[in-house]
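Before any comments, here is the structure.
Keep in mind the model is a prediction, meaning the values are calculated, not measured. The sequence lines fix the lettering, A, B, ..., with proteins before strands; numbering per chain opens at 1.
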Number of protein chains: 2
Amino acid sequence: MTRRAYSRLSQDRRRTDLLEATLSCVADLGLDRAGARQIAERAGVSAGLIRHYFPSKDEMVRAAYAYLMGQMTAAAEDSGAGDEQSPEAALAEVIAANFASPSLSGVKVSLWATFVGRVRVDPAYADIHREGYREFLDLLEARIHPVLVAQGGPADPSRCKQLAIALNGLIDGLWIEGSLGHGLYDARRLPAIALGAAEGILRLPDTTLTRHLALEDERS
Amino acid sequence: MTRRAYSRLSQDRRRTDLLEATLSCVADLGLDRAGARQIAERAGVSAGLIRHYFPSKDEMVRAAYAYLMGQMTAAAEDSGAGDEQSPEAALAEVIAANFASPSLSGVKVSLWATFVGRVRVDPAYADIHREGYREFLDLLEARIHPVLVAQGGPADPSRCKQLAIALNGLIDGLWIEGSLGHGLYDARRLPAIALGAAEGILRLPDTTLTRHLALEDERS
DNA sequence: ATATTTGTTTTACAGTCGTACAACAGCGAA
DNA sequence: TTCGCTGTTGTACGACTGTAAAACAAATAT
């Protein structure tokens, strides 16, 4: 019986390989069929190694959720961070980024939904979810405030937070349905729909946000 | 070995008992731990009986998803169906119904998310999801149109559909985060937040929808 | 070159999974 | 009451699960 050849990788590399293999399996097969052997195979590794990096398979899946959310919130925080833009352009970019690749992705939404299904069951999932949600809420609030000030509307913190909650809901909902690709409408309409609705929610004049759409298209 | 006593139930009753036990298990344990034996026990039945009502356990889970979505869309279609109301009140009721019991429910959101996670994997789930989404979209569109007409805004079908998509996104997103109960804000604020945002999306004057809030509270 | 460390593979095991199927029993018909 | 039908139970089985632990080998230090 000849043993399989292997090479030793850095701890971080092996760990993220395992986490990404976990996400890939969960997205393609579902949580129930994402077995330890399947995941190990996708990571190019044998099943026993999992327990060398994680106390249990469940713990690895939890870590994979945290890893995914970390990626997603980092991507969100990067969008609209160009300092030279107007507040309106920055907000429009944050919103529109959710409806373009790589955010608008069937894989991402599948993973997100699968894990959200565990939030009620497992407190660790609830913590990860709450943290990600809170961060995005804060980001939106920070982007909304200067826009309201520039446009001369009421901009007290309580109103900003309320608008952030509503805007986050809008983005989440449109992102989910858009990413699932049900074919009921063209997903390319989503940025315009989202920005138009956001103008309404924030009581901004029409085209305040949507006029930044053309730029987005040219850049990609 | 004495056999367990049992009584024969009607086919429909037994079937829905199994479906509800399936949903209960999936909500409490997650898809992977919702085994045939667990489900059967909750239905007050032995595991072998499952295959007498469904060709396989997977098929039963699919049927449970269809059953859940059927309940939810039926509940949505019942809300705001009183003929004597103004169009504005009817729309407000449809929106607000999502943020009160029994719609606003951690169990429901957990199930919804868990199943949505399978949409990309299994075409049967995709069909069920698309159908439910389409129905709610149509319902919203039908409720939006008379409001726009009454308020004198543009009400062409294309605009109505676009607004329905945005409104559905808003409702979905707020419903999810609200039902998960992360404790970042009081979920009782959601009806007001949703109606206020809807007024903005539809470009209606303030309080067009929110003024129907007090009535809702008194009734319940 | 040799020894040491430890990341990795392999094997083994107890438990659980979905399911096939034979035996049983509740219930209506005769 | 007895029969026949079939909804329901109980059991057995092979496949698969996560995991423990021993055997091994790749990289590093000496």
Side-chain angles (χ1 to χ4, degrees), chain A residues 1-26 28-65 114 118 121-122 124-125, chain B residues 1-26 28-65 114 118 121-122 124-125:
Chain A
M1 196 55 114
T2 158
R3 256 178 186 238
R4 188 171 121 196
Y6 66 93
S7 69
R8 300 183 166 202
L9 264 53
S10 80
Q11 286 203 20
D12 276 2
R13 176 63 195 278
R14 210 44 116 192
R15 207 183 118 93
T16 61
D17 278 0
L18 280 170
L19 293 179
E20 272 161 14
T22 304
L23 294 179
S24 159
C25 271
V26 171
D28 288 355
L29 312 171
L31 250 185
D32 48 338
R33 306 211 199 291
R37 285 165 179 83
Q38 275 278 347
I39 294 172
E41 190 186 351
R42 288 207 194 193
V45 129
S46 76
L49 192 62
I50 289 178
R51 300 255 320 158
H52 194 266
Y53 285 89
F54 300 94
S56 74
K57 182 219 161 193
D58 277 2
E59 210 65 49
M60 180 170 71
V61 178
R62 282 192 198 96
Y65 179 38
T114 301
R118 306 217 90 154
V121 176
D122 186 329
Y125 287 84
Chain B
M1 198 50 121
T2 156
R3 255 176 188 240
R4 189 170 119 195
Y6 66 93
S7 67
R8 302 185 162 199
L9 265 54
S10 80
Q11 287 204 20
D12 277 1
R13 176 63 195 277
R14 209 46 117 190
R15 208 182 117 94
T16 61
D17 278 0
L18 281 170
L19 293 179
E20 271 162 14
T22 305
L23 294 179
S24 160
C25 273
V26 171
D28 288 355
L29 312 171
L31 250 185
D32 48 339
R33 305 210 202 292
R37 287 167 178 82
Q38 275 278 347
I39 294 172
E41 189 185 351
R42 289 207 193 194
V45 133
S46 76
L49 191 61
I50 289 178
R51 301 252 322 157
H52 194 265
Y53 284 90
F54 301 95
S56 74
K57 182 219 162 192
D58 278 2
E59 210 65 50
M60 179 170 71
V61 177
R62 283 192 199 96
Y65 179 39
T114 301
R118 306 216 88 155
V121 176
D122 187 329
Y125 287 83

Along DNA chain C (nearest heavy atom to each residue), the more 5'-positioned of B/A5 and B/I50: B/I50
side-chain contact (heavy atoms from CB on, under 4.5 Å) between B/L19 and B/F54, intermediate numbers included: CA-CA 10 Å; B/L19 293 179; B/F54 301 95; 3.7 Å; yes
What does the list of N/O pairs under 3.5 Å between the protein and nucleotides 3-7 of chain C look like, with a distance for each?
residue, atom, partner, partner atom, Å
C/dT6, O2, A/R8, NH1, 3.4
C/dT6, O2, A/R8, NH2, 2.6
C/dG7, OP2, A/H52, NE2, 3.2
C/dG7, N2, A/Y6, OH, 2.9
C/dG7, N3, A/R8, NH2, 3.3

B/E59 CD - C/dT19 P separation (whole Å): 10 Å
Residue pair A/A21 / A/R42: nearest heavy atoms and the distance that separates them: CB-CB, 3.9 Å
Provide a list of protein-nucleic acid N or O atom pairs under 3.5 angstrom, restricted to nucleotides 16-18 of chain D.
residue, atom, partner, partner atom, Å
D/dG18, OP1, A/K57, NZ, 2.9
D/dG18, OP2, A/A36, N, 2.7
D/dG18, N7, A/R37, NH1, 2.9
D/dG18, O6, A/R37, NH2, 2.9

A/T16 side-chain N/O to A/D12 backbone N/O, donor-acceptor pair under 3.5 Å: yes
Nearest-Å distance for atom pair CZ/P, residues B/R4 and C/dA25: 14 Å
Protein-nucleotide distance (A/E41, atom CD; C/dT8, atom P), rounded to Å: 17 Å
Sole residue of A/L23, A/T114, A/T22 in side chain to side chain contact (heavy atoms under 4.5 Å, CB included) with A/V61: A/T22
Rounded distance in Å - CZ (B/R62) to P (C/dG18): 14 Å
Pairwise distance CZ(B/R118) to CG(A/L31) - rounded to 0.5 angstrom: 8.5 Å
Taking every non-hydrogen atom, the tightest pair across B/V45 and B/R4: N-NH2, 3.3 Å
Student check: side-chain heavy atoms of A/R62 and A/D122 closer than 4.5 Å: yes
A/D58 and B/R33 ion-paired at < 4.0 Å: yes
